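In this text, all values refer to a predicted model and were calculated from it rather than measured experimentally. Below, chain A is the first sequence line, B the second, and so on; all start at residue 1.
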Amino acid sequence: MQQQHPWPQTIEEAIAIQEQLRSLVIAENQLSTVRYVAGVDVGYHSSDAVSQAAVTVLSFPDLQLQQQATACSVTAFPYVPGFLSFREVPAVLQALEKLDQMPDLILCDGQGLAHPRRFGLACHLGVLTSIATIGVAKTRFIGEHSDVGLERGSWQPLQDCGQTVGAALRTQTGVKPIYVSIGHKVNLVSAIDYVLRCALKYRLPETTRSADQLTSG
DNA sequence: GCGACAG
DNA sequence: ATCTTGTCGC
């Protein structure tokens with residue numbers, strides 16, 4: 001699971017990579033039966049110099065923790081909105097390599113297609129690993145949407161430049177919606193369904209929560 | 001020029 | 001992301 005392209009040193013190089021790789025994104029279901037779902041998260045401490053990635057693998061649909069791994073690496077890119085993947089993907093790849101068995105699906109902490117160039121973190125990780133991925137973000141990055149119904153499962157398309165790039169999804173009645181978008185090898189309706197089935201009790205899916213927990217402490 | 005801006 | 005306790009509400 002090595003990086004398959006040179007890591008950019010400039011925004012211009014990063015844009016070129018995004019524009020090249022985005023054509024490789026598969027926006028339809030191409031995943032086997034999901035038995036293992038992973039959550040990934042990256043954290044930082046006092047300095048930005050070191051990125052710590054955590055991956056947790058849960059059984060699906062019963063959501064029991066099966067495996068976990070962490071990895072630290074030198075932070076390879078600054079945080080610039082629109083280029084988060086260049087910062088977080090290297091550490092995530094290292095953590096994934098430590099797993100005994102690859103998950104069937106990965107829920108990423110960030111956007112997928114809901115990105116200015118349609119190539120957010122979830123798309124990037126999916127293309128590099130060939131694993132199905134979904135972007136699950138706590139806040140909106142791009143796009144607009146109508147008000148979301150108050151009940152769990154309600155959602156509204158997230159639209160940008162006339163395209164549906166994701167969904168604002170209410171995972172629990174009365175809580176703020178989250179932003180779901182395609183990463184790789186899954187369509188939006190299925191992505192919403194997987195996220196809902198991983199978020200039975202809290203706003204964020206259990207995958208994200210368990211990975212966060214590994215990062216924080 | 002002025003805001004907005006995943007983590 | 002990170003710095004950080006208690007507190008209001010179901």
Side-chain angles (χ1 to χ4, degrees), chain A residues 7-8 11 14-15 17-18 21-22 25 38-56 70-95 106-128 133-145 150-152 158-161 163-184 188 191 195 199 201-205 207-217:
Chain A
W7 223 244
I11 297 295
I15 290 175
I17 290 168
Q18 290 177 331
L21 294 186
R22 68 180 172 187
V25 170
V40 300
D41 183 52
V42 179
Y44 302 85
H45 289 97
S46 45
S47 98
D48 271 3
V50 175
S51 301
Q52 180 176 52
V55 181
T56 55
T70 61
C72 287
S73 78
V74 173
T75 304
F77 210 80
Y79 173 67
V80 181
F83 303 90
L84 179 64
S85 65
F86 294 101
R87 180 174 175 80
E88 302 204 334
V89 157
V92 170
L93 291 178
Q94 286 187 33
I106 302 174
L107 271 51
C108 303
D109 201 356
Q111 317 286 347
L113 265 195
H115 176 278
R117 285 166 299 283
R118 309 291 182 260
F119 197 71
L121 171 64
C123 299
H124 202 158
L125 188 63
V127 166
L128 291 188
T133 58
I134 297 171
V136 179
K138 295 179 285 295
T139 61
R140 188 194 65 88
F141 184 27
I142 60 152
E144 305 82 41
H145 63 87
L150 295 176
E151 294 144 41
R152 167 179 157 84
L158 180 65
Q159 299 187 300
D160 183 61
C161 300
Q163 315 176 54
T164 294
V165 296
L169 171 67
R170 188 94 62 186
T171 53
Q172 300 298 331
T173 299
V175 306
K176 187 164 43 152
I178 62 176
Y179 294 84
V180 175
S181 56
I182 290 174
H184 192 48
L188 182 58
V195 170
K201 190 169 159 80
Y202 300 100
R203 181 167 86 117
L204 296 176
T207 43
T208 313
R209 289 168 49 81
S210 54
D212 273 0
Q213 210 168 349
L214 252 191
T215 291
S216 309

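- Heavy atoms of A:G174 sit nowhere under 4.0 angstrom from any nucleic acid atom.
- Rounded to whole angstrom, the span from the CD atom of A:Q18 across to the C1' atom of B:dA6 amounts to 12 Å.
- Within the 4.0 angstrom heavy-atom criterion, no nucleotide atom of any strand lies near A:F86.
- A stacking contact links A:Y79 to B:dG7: the aromatic ring centre lies within less than 5.5 Å of the base's six-membered ring centre, and the planes differ by less than 30°.
- The closest donor-acceptor contact from the side chain of A:R22 to the backbone of A:R117 lies under 3.5 Å.
- Counting only distance, with no hydrogens or angles, the side chain of A:Q18 and the backbone of A:G82 share a donor-acceptor pair below 3.5 Å.
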ask   = Does the side-chain hydrogen bond (donor to acceptor under 3.5 Å, both in side chains) test come out yes or no for A:S51 and A:T75, once each step is laid out?
value = CA-CA 5 Å; A:S51 301; A:T75 304; 2.7 Å; yes
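- Put simply, A:T139 has no side-chain N or O that comes within less than 4.0 Å of OP1 or OP2 on B:dC5.
- The CG-P distance, from A:D41 to C:dA1, rounds to 7 Å in whole Å.
- Whole-Å rounding puts the A:D212 CG to C:dT2 P distance at 9 Å.
- The CG-P distance, from A:D109 to B:dA6, rounds to 12 Å in whole Å.
- Between A:H45 atom NE2 and C:dT4 atom P the separation is 13 Å, expressed in whole Å.
- The interatomic distance linking A:L125 (CG) with B:dG7 (P) rounds to 16 Å, in whole Å.
- Of the listed residues (A:V42, A:I106, A:D41), just one forms a side-chain contact (heavy atoms from CB on, under 4.5 Å) with A:V92, and that residue is A:V42.
- Applying the 4.0 Å criterion to OP1 and OP2 of B:dA6, one finds that A:R140 has every side-chain N and O outside that range.
- The backbone N or O of A:F119 lies less than 3.5 Å from no partner atom in the side chain of A:H124, so there is not a single donor-acceptor pair.
- Rounded to an integer number of Å, the gap from A:Q111 CD to B:dA4 P is 18 Å.
- The aromatic ring of A:Y44 does not stack onto the base of C:dA1, failing the criterion of a centre distance under 5.5 Å from the six-membered base ring together with planes under 30° apart.
- Checking the phosphate oxygens (OP1, OP2) of B:dA6, no side-chain nitrogen or oxygen of A:K138 falls inside 4.0 Å.
- One interatomic measurement links the two molecules: CD of A:E88 to P of B:dG7, which rounds to 9 Å at whole-angstrom precision.
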